[in-house]
Amino acid sequence: MSGTIEAITGRYLKLELGGRAHRVYFEEAGQGRPVLCLHTAGADTRQWRHLLNDAELTSSNRLVAFDMPWHGKSLPPEGFETEEYLLTTEAYVETVLAMVETLGLERPVLAGCSMGGRIALQLAALHPERFSGFIAIEASDFQPAWYDIDWFHRPDAHGGEMGAALVSANISPHAPEAERWNTQWMFMQSGPGVFRGDLSFYTRDDSLIGRLGDIDTARTPVHLMVGAYDLTCTPEDARRTADAIPGATLAVMDELGHFPMSEHPEGFRPYFLAALARMPDAARRAA
Amino acid sequence: MQARLRAMQARLNGMPHLRRLGRLFSETVLLKVDDAEYYLVFDRGALAAIQCGPSRKTPWRFALTTDAEALEAFWQEKPEPGFHDIFGLVKIGRGRVDGDILTLVKNLRFFKEFMALGREVEEVAA
């Protein structure tokens, strides 16, 4: 019996965020055009495992993904035990920009899913000069919660198990069973209150709405992608958002849900390759 | 509908993992389909009884209300978007959850997997 070693490598970096020391975990694979990948609420870098293991993709793209503080292998900051974790647009923007700088990524493509897609659009409006293009997956301007986010952090129930059961509503029935459950496992493992704190950002901060018109897609392309089975960011939500960004493009993925890169890698792959093809190549990025 | 619910009851009995997930779930759930009412009496993860309503004196913890057409769409092997999950039915306006929703959420995986058992008994006449 013999095993195999994947091409993905994982390391840690230390940086200051909000004036506090953080230890952040990141993974990468490939070489060429840098593509920074952002995970959804309540999950971590593992959502990108299939694309980071895609040899054809990584032959010309350097895919990098990191666990947000409090998520996956990234520790919360010192003193977390007395804090209520609530993600904000400002902290999220600072984190992504700090990762770009610390990793020395030269105008990467930014690909984010769900809350990662939301912050990708915020960065498209606020800091486009730091990126070469934006792929916003299951992303929209804003939706209020259709559930009570406080369900997911309470002493008498397991927030991870409840969160996983809830987000299963956003997974396509076409997703392979193994990947459906791999996707839910990350939510089951999420730290107490972390999914809730992410959802606070996702379901309460509507500051993107007024900024969509500021996005200059002639300078940095914006491509949105949405799964037909996504109940949280529906195709209607994504279309409304794309329509508000002059020049933005949109792909509706018929058999996919809210976690397409993780729940149904084969189904998502062609859409992601098509999205990358819309982004500037290395020569144009350098120009 | 009763035949399908009985088939789901039998399937549940044959699924140890689901019985284990529901081991703390002893509640009555009202399933309302159009004007028909079915009181699903769960006891420690088993469906102990299926009582047909309507009834004004049967207490229930939470209720799922939908229509027969939507439920049939939900029970397809590969449901269309919105019909693929009980919260999908709610989101598209074809379902409603009432009562103690927190109890539902605490037992969400169990109840959703129970409801999805209807997908695997399609040979049973409604």
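Letters go in sequence order (proteins before strands), and every chain restarts at 1.
Looking at A/His174, its side chain never comes within 3.5 Å of a backbone N or O of B/Lys78 through a donor-acceptor pair.
Using a 4.5 Å heavy-atom threshold, the side chains of A/Leu231 and B/His84 count as touching.
Across all non-hydrogen atoms, the minimal contact from A/Ala169 to B/Phe87 is CB-CB, 4.5 Å. Of all the heavy atoms in A/Ala228 and B/Pro81, the pair that sits closest is O-CB, 3.3 Å.
No more than 12 heavy atoms of other residues, nucleotides or ligands lie within 6.0 Å of CD in B/Glu80, so this atom counts as exposed by the packing criterion. Summarising the local packing, CZ of B/Arg94 is surrounded by more than 12 heavy atoms from other residues, nucleotides or ligands at distances under 6.0 Å. For B/Glu69, the CD atom sits in a loose shell: 12 or fewer heavy atoms of surrounding residues, nucleotides or ligands are nearer than 6.0 Å.
Interatomic distance, CG of B/Asn107 versus CE of A/Met162, reported as 10.0 Å (0.5 Å rounding). Rounding to the nearest 0.5 angstrom, the gap separating the CG atom in B/Leu108 from the CH2 atom in A/Trp151 is 8.5 Å.
No part of A/Ser172 comes within reach of chain B, as not one of its non-hydrogen atoms sits under 4.5 angstrom from that chain.
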Does the side-chain contact (heavy atoms from CB on, under 4.5 Å) test come out yes or no for A/Leu166 and B/Val105, once each step is laid out?
CA-CA 8 Å; A/Leu166 184 85; B/Val105 174; 5.9 Å; no
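The salt bridge (charged side-chain N to carboxylate O under 4.0 Å, His left out) contacts involving residues 136-164 of chain A comprise A/Asp141-A/Arg240, A/Asp150-A/Arg196, A/Arg154-A/Asp156, A/Asp156-B/Lys106, where partners must be two or more places apart or lie in separate chains.
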